*Asks:* 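Dumping the structure here so I can ask a few things about it.
Because the structure is a prediction, the values reported are computed rather than measured.
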Amino acid sequence: MKAVTWQGRRSVSVIDVPDPTIQEPTDVIVRITSSAICGSDLHLYEVLGPYMHKGDVIGHEPMGIVEEVGSEVHRLKKGDRVVVPFNISCGRCYMCNQGLQSQCETTQVTAKNSGAALFGYSELYGSVPGGQAQYLRVPFADYGPVKIESDAPDERYLFLSDILPTAWQAVEYANVPEGGTLAVLGLGPVGQFAARIGVHKGFRVIGVDPVPERRAMAEQHGVETMDYSPDVAGQIREETVGRGPDSVVDAVGMEAHGSPVASFLHKAVSLLPDKPAQAAMETMSVDRLAALHTAIDTVRRGGTISLSGVYGGQADPMPLMTMFDKQIQLRMGQCNVRSWTDQLLPLVEDDADPLGVMRLVTHTGSLDDAPELYEKFQKKQDGCIKVVLKP
């Protein structure tokens, strides 16, 4: 089958790889009909290369049709249409029963001291082949995949795989009071949905992003927007009675601009052999922290910061005196997808499309178009906000 594979820093290619097969009786094989490129995929493209292997199949936002069913799968049958959550969870361990599927004890990557295995997301998360491919093996199929009964377009359901529940969790974790104000830093795909969810829940939402096309898209959904500037925290305080917003969602993460030192270290680490590079990242790596520091500066005293953007540094300098003095609450973590899908499914099936799931995709292509679209997405060219591949 054809698949998008990692080949090196800023390099992906479409090659033929072996078709997946049933390995456990709880597996299914899914023929992929749509698979999105996520902002987190750019971390593999740019930063997390030491944990990647040439030829790794990437991608973790897929959906499709069940083609083959393991002998112990009872909930799905051949021909069923499913969305596949990006984290692989068993549904019956202690962590899954706590609603923490991203920490599933059955699939935890203990060798790397990481949480649940993820599709297409590096040695850190199990080196499981991903979904930017024609077919995908899906473990624990009686629990993970979300069965779709409708024949509506894929785009209505596809984002249940990752970015929609990730955004929903981000807003839930932000703990915005009734009638409160939510600031969203970064208006990429997750930030777009977080801002829309905030509006849907009745909050005042201020979105911040340096890209005009992203601000324009957010404004179409009732979001107030600002360009990013060194004084954006002061600007937001001026718009919130000098106090700051009740809550801030950081939807940027480790790709945030604003730290030449971190950028240099990322590039330097990428030049080391894999094992020394991994050791460097696990002990002394730092992120570009402009967005997180802006969130700390922006949020009101006693407010909450919710991190949905992925961070990977182990030696990040944090302004703990300010955080303590301002009594900031901080929540974060990989999304527990299956905790939110039952709440989200009625919203995506609503013909009124209250979260705008049908108004996010800016670019669509085949698997063969993936290298060009990765570059366009990474460089924010041609108004590229969300890409969907059609295997």
*Asks:* Would you kindly say whether Gln235 and Ser229 are connected by a side-chain donor-acceptor distance under 3.5 Å?
*Replies:* yes
*Asks:* For the residue pair Thr5 and Gln7, confirm or rule out a side-chain donor-acceptor distance under 3.5 Å.
*Replies:* yes
*Asks:* Phe377: what forms a ring-ring contact (aromatic ring centres under 6.0 Å, His included) with it, not counting sequence neighbours?
*Replies:* none
*Asks:* Can Leu187 be reached from Ile236 by stepping across I, L, V, M, F, W or Y side chains whose heavy atoms are under 4.5 Å apart?
*Replies:*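 Per the 4.5 Å side-chain linkage, Ile236 and Leu187 are not co-clustered.
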*Asks:* Work out which heavy atom in Ser247 is nearest to a heavy atom in Ala174; give both atom names and the distance.
*Replies:* OG-O, 2.8 Å
*Asks:* Any side-chain to backbone donor/acceptor pair from Glu219 onto Thr225? Under 3.5 Å, distance only.
*Replies:* no
*Asks:* Looking at every heavy atom in both Glu123 and His53, which two are closest together, and how far apart are they?
*Replies:*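 The answer is OE1-NE2, 2.9 Å.
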*Asks:* When you measure from the side chain of Ser308 to the backbone N and O of Thr166, does any donor-acceptor pair fall under 3.5 Å?
*Replies:*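 Judged by distance alone, no pair lies under 3.5 Å.
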*Asks:* Identify whether the distance between the nearest side-chain nitrogen and carboxylate oxygen of Glu68 and Arg137 falls below 4.0 Å.
*Replies:*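 Salt bridge between Glu68 and Arg137, a charged N being under 4.0 Å from a carboxylate O: no.
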*Asks:* Taking all atoms of both residues into account, what is the closest heavy-atom pair of Ile22 and Asp27, and its distance?
*Replies:* CD1-O, 3.5 Å
*Asks:* Does the side chain of Ser366 pick up a donor-acceptor pair with the side chain of Lys390 at under 3.5 Å?
*Replies:*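 Lys390 and Ser366 do not have a side-chain donor-acceptor pair below 3.5 Å.
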*Asks:* Of all residues at least two apart in sequence or in a different chain, which pass the side chain to side chain contact (heavy atoms under 4.5 Å, CB included) check with Asp342?
*Replies:*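 Result, side chain to side chain contact (heavy atoms under 4.5 Å, CB included) vs Asp342: Arg338.
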*Asks:* Given the rule in the side-chain contact (heavy atoms from CB on, under 4.5 Å) test, do Gln132 and Asp41 qualify, once you have shown the distances and angles that lead to the verdict?
*Replies:* CA-CA 11 Å; Gln132 289 171 15; Asp41 290 326; 3.2 Å; yes
*Asks:* Any side-chain to backbone donor/acceptor pair from Asp19 onto Met1? Under 3.5 Å, distance only.
*Replies:*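 Looks like yes, one N/O pair under 3.5 Å.
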*Asks:* Flag the pair Asp246 and Arg204 as a salt bridge only when some basic side-chain nitrogen lies within less than 4.0 angstrom of an acidic carboxylate oxygen.
*Replies:*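 Not counted as a salt bridge, because no side-chain N and carboxylate O are separated by less than 4.0 Å.
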*Asks:* Can you name the ring-ring contact (aromatic ring centres under 6.0 Å, His included) partners of Phe159, sequence neighbours left out?
*Replies:*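 Listed in chain order: Phe193.
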*Asks:* Going by an N to O cut-off under 4.0 Å, is there a salt bridge joining Asp151 and Arg81?
*Replies:*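 No salt bridge links Asp151 with Arg81.
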*Asks:* Just by distance, do the side chain of Asp142 and the backbone of Val73 share a donor-acceptor pair under 3.5 Å?
*Replies:*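 No, Asp142 side chain to Val73 backbone: no donor-acceptor pair under 3.5 Å.
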*Asks:* Using 4.0 Å as the upper bound for N to carboxylate O, is an ion pair formed by Lys386 and Glu213?
*Replies:* no
*Asks:* Would you check, one step at a time, whether the test side-chain contact (heavy atoms from CB on, under 4.5 Å) holds for Leu330 with Met323?
*Replies:* CA-CA 9 Å; Leu330 188 62; Met323 295 167 69; 4.0 Å; yes
*Asks:* Is a donor on one side and an acceptor on the other found under 3.5 Å between the side chain of Arg31 and the backbone of Gly64?
*Replies:*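 Side chain of Arg31 to backbone of Gly64: no pair is present.
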*Asks:* Is a donor on one side and an acceptor on the other found under 3.5 Å between the side chain of Asn97 and the backbone of Arg92?
*Replies:*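 Yes; at least one donor-acceptor contact below 3.5 Å.
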*Asks:* Where does the angle between the aromatic ring planes of Trp168 and His200 fall among parallel (under 30°), tilted (30 to 60°) and perpendicular (over 60°)?
*Replies:* tilted
*Asks:* Look at Lys2 together with Asp368 and state whether they make a salt bridge at an N to O cut-off of under 4.0 Å.
*Replies:* yes
*Asks:* Got a sec: does the NZ of Lys147 have more than 12 other heavy atoms crowding it under 6.0 Å?
*Replies:* yes
*Asks:* Could you go through the side-chain contact (heavy atoms from CB on, under 4.5 Å) check for Met217 and Thr362 one step at a time?
*Replies:* CA-CA 10 Å; Met217 178 180 278; Thr362 55; 4.0 Å; yes
*Asks:* Determine whether Asp353 and Asp350 make a side-chain contact, defined as any pair of heavy atoms from C-beta on separated by less than 4.5 Å.
*Replies:* no
*Asks:* Considering residues, nucleotides and ligands other than Arg243, do more than 12 of their heavy atoms fall under 6.0 Å from its CZ?
*Replies:* no
*Asks:* Can you name the nearest heavy-atom pair linking Leu44 to Gly120, along with the distance?
*Replies:* CD1-O, 3.5 Å
*Asks:* Does the side chain of Val252 reach to within under 4.5 Å of the side chain of Tyr228, using non-hydrogen atoms?
*Replies:* no
*Asks:* Give a yes-or-no answer on whether the side chains of Gln101 and Ser339 include a donor-acceptor pair shorter than 3.5 Å.
*Replies:* yes
*Asks:* Does Val199 reach the side chain of Glu224, with side-chain heavy atoms less than 4.5 Å apart?
*Replies:*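 Not touching, per the 4.5 Å side-chain cut-off.
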*Asks:* For a quick test of reading the model, state the closest non-hydrogen atom pair linking Ile88 to Leu118 and the distance between them.
*Replies:*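 Shortest heavy-atom separation between Ile88 and Leu118 comes out as CD1-C, 4.2 Å.
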*Asks:* Stepwise, does the salt bridge (Lys or Arg N to Asp or Glu O under 4.0 Å) test hold for Asp297 with Lys326?
*Replies:* CA-CA 9 Å; Asp297 190 17; Lys326 291 184 71 173; 5.2 Å; no
*Asks:* Has Ser89 got a side-chain atom pairing as donor or acceptor with Cys104's backbone, closer than 3.5 angstrom?
*Replies:*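 No; zero donor-acceptor contacts below 3.5 Å.
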*Asks:* Counting C-beta onward and ignoring hydrogens, is there a side-chain heavy-atom pair between Phe86 and Gln334 closer than 4.5 Å?
*Replies:* yes
*Asks:* Does any non-hydrogen side-chain atom of Val388 lie less than 4.5 Å from one of Glu155?
*Replies:* yes
*Asks:* Atom CD of residue position Gln327 - does it have more than 12 heavy atoms of other residues, nucleotides or ligands inside 6.0 Å?
*Replies:* no
*Asks:* How far apart are the C-alpha atoms of Val138 and Phe119, what are their side-chain angles, what is the distance that settles it, and do they pass the side-chain contact (heavy atoms from CB on, under 4.5 Å) test?
*Replies:* CA-CA 9 Å; Val138 180; Phe119 287 106; 4.2 Å; yes
*Asks:* Could you check whether any side-chain N or O of Arg301 sits under 3.5 Å from a backbone N or O of Asp325, counting only pairs where one atom can act as donor and the other as acceptor?
*Replies:*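 Looks like yes, one N/O pair under 3.5 Å.
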*Asks:* Any chain of hydrophobic side-chain contacts (each under 4.5 Å) joining Ile206 to Val241?
*Replies:*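 No, it is not one cluster - the side chains of Ile206 and Val241 are not joined through contacts under 4.5 Å.
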*Asks:* Within the 4.5 Å heavy-atom criterion, are His43 and Tyr51 side-chain neighbours or not?
*Replies:*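 No, too far: nothing below the 4.5 Å cut-off.
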*Asks:* Closest approach of Leu76 and Val69, non-hydrogen atoms and distance?
*Replies:*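 In this case the closest contact between Leu76 and Val69 is O-CG1, 3.9 Å.
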*Asks:* With Asp209, which of Lys380, Arg215, Arg214 fulfils salt bridge (charged side-chain N to carboxylate O under 4.0 Å, His left out)?
*Replies:*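 Exactly one option meets the salt bridge (charged side-chain N to carboxylate O under 4.0 Å, His left out) with Asp209, and it is Arg214.
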*Asks:* Are the side chains of Val249 and Tyr173 in touch, meaning some heavy atoms are under 4.5 Å apart?
*Replies:*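 Not in contact.
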*Asks:* Are any of the side-chain heavy atoms of Met358 and Pro153 separated by less than 4.5 Å?
*Replies:*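 Met358 vs Pro153: side chains touch.
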